[in-house]
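Encoded as structure tokens, the structure appears first; notes follow it.
Here is how names work: the chains are called A, B, and so on, in the same order as the sequence lines, proteins then strands, and each is numbered from 1.
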Amino acid sequence: MSKAPKDNRPGARLPRGLRDYAGDDISGQREMLDKLRVVFERYGYDALETPAIEYTDALGKFLPDTDRPNAGVFSFQDEDEQWMSLRYDMTAPLARHVAENFDKLPKPYRRYAMGPVWRNEKPGPGRYRQFMQCDADTVGTDNVAADAEACMLMADAMEALGIPRGSYVVKMNNRKVLDGVLASIGIDPASEADAGRRLTVLRAVDKLDRLGAKGVALLLGPGRKDESGDFTKGAGLEQAAIDRVLAFVGASASGAADVFGVVEGILAGNEGGLAGVAELRAIDALAKAAGYGPDRVTFDSSIVRGLDYYTGPVFEAELTFEVTGDDGKPVRFGSVGGGGRYDDLVARFTGQRVPATGFSIGVSRLQAALAHLGKAKSTATPGPVVVLVMDKAELPLYQKMAQTLRDAGIRAEMYLGTAGMKPQMKYADKRGAPCVVIQGSQERDKGEVQIKDLIEGAKRSAEITDSKEWREGRPAQVSVPEAQMVSTVRAILARHKG
RNA sequence: GCCGCUGUAGCUCAGUUGGUUAGAGCACUAGAUUGUGGAUCUAGGGGUCCCCCGUUCGAGCCGGGGCAGCGGUACCA
């Protein structure tokens, strides 16, 4: 909807891909973050907050061979012409923080971070240009126990959010294994010349869940045409090479008893690849020893992750349940978090190799999934008790009533507008007020207040069709002495709780 | 970025082969009801028919070009 602003007034519109948060969105997210925080801290991770803005070169996001920042990040120039960018993830700022404070930090250094990140990409359904991310990383060790712990922590995080065991699974793989497979079909992972093809193959494999084996085979070979008629160029592999890649990718789904053994067979003696399998075996053993069976943490040879910088184990948390969407079609939420080992990020700053591993949870996506699971119980803050202003000359009295309720720990406010009684009732209704306090001169003379239960009243309204009866019958309304205002309101609140 | 679809009231949408003053439902405001949120009835406000150019006596409708939105795809740190 592009409305040209009248005259020269600015259009009151949100930039595309961004959104305002209110009510349920906020309370739901706050609750999720609180639960995640508890799990992270229980594992021993320390909180770290870094600014939203970093120097673009610290994020490592300059376009190759130019002095312009990469597309995909929101960037601007400072007065001194230095490029700055909004962070697009939590990992790059972590690498900067570690490099900058290397001597002070305990090694291994373990921290979690939560906050918004920004990506300058085309927004889609459920995809925004600002979203909440939640990361936990361990920096300064190449011990696979850190990778195992990341997987276990992800599983615990899912359960802490109320996702039952069996409705999610953490899948792991290893870049070293993938590279071993690539080497066996003539793509050298270390070679500059093969880098493009390597990425194309990895990205093709990453799409297995969406496109299926046939689609991936096309992408590995000549290329693929999508529904809209758009053509995607393939990796141009030969049939034998495609079969080999697919054999590996399908290994864990084949149901073989010893999947690791099958993969070792495919790797045909490739040393790096076999080392990768050994790491996966170790992670598997650690997870099992801690009680995390394959229903929670499992090897999946089709997991790739689109990222270039991963150097070892990679993992992905997936929701396995299906839900019926508004349009009646089944909706799969799929990946809600992922991560892996990245051993070269800090070296960009210090030259010193600092191994690290960690993962990231997409909070917004999980929140949508939880809503469908019915777990996002509507915990929106209930509306305030509204004290109606019946007599403008008596504002101090009404203000005092609101304050009395507040002192009793009840969310309350005096109506601050200037309209009459009917609009005040409408206002209270719109605010979701559980009840209103009414005191006109008649009640005041008797030292009483009227308290109207709006929730109960709404129920009664279904049975009342006569307007006069509705207005004059004063349903769900009681008159009590002023001294009983607090206890009466409390009783109404208690009645509607839960 | 590429491909496709769609742009009419705040929202969802009608709108005849091109023909007076562009409609409906919902929402909003007011009244019926001087101190009672709902329901009902009545009335009312609200439009650059996305923009520009063209064809025509005449364009919401036809043609061209833009822009925006949606969907797919690519990218996704």
Side-chain angles (χ1 to χ4, degrees), chain A residues 1-7 11-13 16-17 59-61 69-73 85-95 117-125 127 129 131 133 135 199-200 203-204 206-207 210-211 215 219 223-233 305-310 327 335 338-340 342 345 360 362 383 386 388-391 419-443 450-477:
Chain A
M1 193 68 37
S2 74
K3 270 277 169 309
K6 281 186 178 156
D7 307 318
R13 58 203 189 103
R16 81 196 203 111
L59 293 178
K61 278 298 151 186
N70 205 343
V73 325
S85 299
L86 285 171
R87 65 180 174 209
Y88 51 83
D89 70 5
M90 296 297 199
T91 310
L94 169 66
V117 301
W118 293 264
R119 293 187 188 176
N120 191 355
E121 294 168 351
K122 183 188 158 186
R127 290 189 58 173
R129 303 222 272 193
F131 55 95
Q133 217 175 47
D135 281 39
L199 258 183
T200 306
R203 283 170 185 164
D206 198 31
K207 295 181 175 62
R210 194 152 43 87
L211 303 181
L219 283 174
R224 174 179 173 274
K225 202 183 220 174
D226 70 46
E227 301 153 40
S228 67
D230 192 24
F231 182 76
T232 309
K233 201 164 155 264
R305 312 282 308 156
L307 277 179
D308 209 13
Y309 65 53
Y310 290 125
D327 52 1
S335 170
Y342 49 97
L345 282 190
S360 161
V386 176
L388 302 196
V389 174
M390 303 297 290
D391 185 348
M421 182 173 183
K422 190 179 169 112
Q424 292 191 42
M425 288 299 294
K426 283 190 171 204
Y427 169 81
D429 192 40
K430 213 168 235 172
R431 288 297 311 272
C435 60
V436 293
V437 175
I438 306 166
Q439 189 189 57
S441 56
Q442 298 158 28
E443 290 85 7
Q450 298 266 352
I451 296 178
K452 187 181 181 93
D453 182 339
L454 293 190
I455 298 169
E456 184 59 30
K459 276 188 208 148
R460 298 255 197 100
S461 85
E463 298 137 29
I464 300 173
T465 51
D466 179 65
S467 167
K468 198 164 179 150
E469 185 188 345
W470 165 250
R471 278 183 303 111
E472 291 174 6
R474 298 186 175 177
Q477 188 168 331

- Of the listed nucleotides B:C76, B:G37, B:G35, the one nearest the side chain of A:D429: B:G37

- With respect to the side chain of A:M425, which nucleotide from B:G35, B:C75, B:G37 is positioned closest? B:G37

- Task: Under the side chain to side chain contact (heavy atoms under 4.5 Å, CB included) rule, what do A:Q450 and A:E443 come out as? Steps first, then yes or no, please.
- Result: CA-CA 7 Å; A:Q450 298 266 352; A:E443 290 85 7; 3.2 Å; yes

- Query: Taking the same atom, P, in B:G44 and in B:C26, what whole-Å distance lies between them?
  - Reply: 16 Å

- Query: How would you label the contact of A:G457 with the nucleic acid (heavy atoms, under 4.0 Å): base, sugar-phosphate, or nothing?
  - Reply: base

- dist A:E469:CD -> A:S461:OG (nearest 0.5 Å) comes out at 11.5 Å

- Query: Which nucleotide in the set B:G35, B:G37, B:G38 lies at the smallest distance from any side-chain heavy atom of A:E443?
  - Reply: B:G35

- Please give, in whole Å, the distance from B:U73 C1' to A:E121 CD? 14 Å

- Task: For A:K207 and A:R203, indicate whether the former's side chain and the latter's backbone hold a donor-acceptor pair under 3.5 Å.
- Result: yes

- Query: NA contact type, A:S360, heavy-atom cut-off 4.0 Å: base, sugar-phosphate, or nothing?
  - Reply: nothing

- Contact class for A:A458 vs. all strands (heavy atom < 4.0 Å): base, sugar-phosphate, or nothing? base

- Query: If you check every side-chain atom of A:L454, which of B:U73, B:G37, B:C76 has the closest atom?
  - Reply: B:G37

- Query: Between B:U34 atom C1' and A:M390 atom CE, what is the distance in whole Å?
  - Reply: 11 Å

- Message: Checking the side chain of A:Y88 only, and the main-chain atoms of A:L59 only, is there a donor and an acceptor separated by less than 3.5 Å?
- Response: yes

- Short question: side chain of A:Q133, backbone of A:S360 - any donor-acceptor pair under 3.5 Å? no

- dist A:Q442:CD -> A:Q439:CD (nearest 0.5 Å) comes out at 11.0 Å

- Just jot down the salt bridge (charged side-chain N to carboxylate O under 4.0 Å, His left out) partners of A:D135, sequence neighbours excluded, or say none. none

- Message: Could you check whether any side-chain heavy atom of A:W118 comes within less than 4.5 Å of a side-chain heavy atom of A:R87, counting everything from C-beta outward?
- Response: yes

Enumerate the protein-to-nucleotides 43-45 of chain B contacts in which both atoms are nitrogen or oxygen and the separation is below 3.5 Å.
none

- Item | Short side-chain N/O contact from A:R210 to OP1 or OP2 of B:A74, under 4.0 Å | yes

- Expressed in whole Å, how much space separates the P atoms belonging to B:U56 and B:G63? 16 Å

Heteroatom pairs (N/O) under 3.5 angstrom, protein to nucleotides 2-4 of chain B:
{"unit_1": "B:C2", "atom_1": "O2'", "unit_2": "A:D230", "atom_2": "OD1", "d": "3.1"}
{"unit_1": "B:C2", "atom_1": "O2", "unit_2": "A:D230", "atom_2": "OD2", "d": "2.9"}
{"unit_1": "B:C3", "atom_1": "O2'", "unit_2": "A:S228", "atom_2": "O", "d": "2.3"}
{"unit_1": "B:C3", "atom_1": "O2", "unit_2": "A:S228", "atom_2": "OG", "d": "3.2"}

- Is A:R127 side chain donor-acceptor paired with the B:C76 base, going by distance under 3.5 Å alone? yes

- Message: Using Watson-Crick or G-U wobble geometry with both distances under 3.5 Å, which nucleotide pairs with B:G54?
- Response: B:C62

- Message: Without decimals, in angstroms, what is the distance between A:W118 CH2 and B:C76 P?
- Response: 22 Å

- Note on the structure: Mate of B:G4 across any strand shown (Watson-Crick or G-U wobble, both atom pairs under 3.5 Å) is B:C70

- Which is true for A:Y427 with a 4.0 Å heavy-atom rule: it touches a base, it touches only sugar-phosphate, or it touches nothing? nothing

- Task: Would you mind reading off the distance between A:E469 atom CD and B:G37 atom P, rounded to a whole angstrom?
- Result: 14 Å

- When rounded to whole Å, the CD to C1' distance for the pair A:Q477 and B:G37 reads 11 Å

- Kindly determine whether A:L454 and A:K452 satisfy side chain to side chain contact (heavy atoms under 4.5 Å, CB included), including the steps that lead there. CA-CA 6 Å; A:L454 293 190; A:K452 187 181 181 93; 4.0 Å; yes

- Take atom C1' in B:U55 and the same atom in B:G65, then report the distance between them in whole Å. 15 Å

- Here the distance between atom P of B:G37 and atom CE of A:M421, to the nearest Å, is 8 Å

- Message: Could you tell me the Watson-Crick or G-U partner of B:G23, where both distances fall under 3.5 Å? Say none if there is no partner.
- Response: B:C13

- Task: For B:G7 versus B:G15, give the span between their P atoms, rounded off to a whole number of Å.
- Result: 11 Å

- Task: Quote, to the nearest angstrom, the C1' distance that separates B:G45 from B:C28.
- Result: 9 Å

- Integer angstrom distance from the P of B:G54 to that of B:C61: 15 Å

- Item | Nucleotide opposite B:U29 in a Watson-Crick or G-U pair, distances under 3.5 Å | B:A43

- Taking CG from A:L211 and P from B:C75, how many angstroms apart are they, rounded to a whole number? 10 Å

- Under 4.0 Å between any heavy atoms, over every strand shown, what does A:K207 touch: base, sugar-phosphate, or nothing? Just pick one. sugar-phosphate

- Look at all strands and tell whether A:K452 reaches a base, only sugar-phosphate, or nothing, counting heavy atoms closer than 4.0 Å. base

When you compare the protein's N or O atoms with those of nucleotides 28-33 of chain B, which come within less than 3.5 Å of each other, and at what distance?
{"unit_1": "B:U33", "atom_1": "O4", "unit_2": "A:S467", "atom_2": "OG", "d": "3.1"}

- Query: Across all strands, who's sitting opposite B:G37 as a Watson-Crick or G-U wobble pair, both distances under 3.5 Å?
  - Reply: none

- Task: Mind calculating the distance between CD1 (A:I451) and P (B:G37) to the nearest angstrom?
- Result: 19 Å

- Message: Just so I know, are the side chains of A:E121 and A:R127 near enough to count as touching, which here means a heavy-atom distance under 4.5 Å?
- Response: yes

- Message: For a quick check of understanding: with a heavy-atom distance under 4.0 Å over all strands, which category does A:V436 fall into, base, sugar-phosphate or nothing?
- Response: nothing

- Query: So does A:Q450 reach the base of B:U36 with its side chain, donor to acceptor, closer than 3.5 Å?
  - Reply: no

- Side-chain donor or acceptor of A:D89 paired with backbone N/O of A:A92 under 3.5 Å: yes

- Query: Is the distance from OP1 or OP2 of B:U36 to the nearest side-chain N or O of A:W470 less than 4.0 Å?
  - Reply: no

- Span that lies between the C1' atom of B:G47 and that of B:A24, in whole angstrom: 15 Å

- Note on the structure: Taken in chain and number order and not counting sequence neighbours, the residues that satisfy salt bridge (charged side-chain N to carboxylate O under 4.0 Å, His left out) with A:D466 are none

- Item | side chain to side chain contact (heavy atoms under 4.5 Å, CB included) between A:V386 and A:Q424, worked out | CA-CA 9 Å; A:V386 176; A:Q424 292 191 42; 5.8 Å; no

- Message: Any base atoms under 4.0 Å from A:E472, or only sugar-phosphate, or nothing? Heavy atoms, all strands.
- Response: nothing

- Note on the structure: The side chain to side chain contact (heavy atoms under 4.5 Å, CB included) partners of A:S335 (sequence neighbours excluded) come to A:R305, A:E316

- Task: Measure from the side-chain heavy atoms of A:T232 and tell me the nearest of B:U73, B:G35, B:C75.
- Result: B:U73

- Quick one: label A:L388 by what it contacts on the DNA or RNA (base, sugar-phosphate, nothing), any heavy atom closer than 4.0 Å. nothing

- Message: With rounding to the closest Å, how many angstrom separate the P atoms on B:U42 and B:U33?
- Response: 16 Å

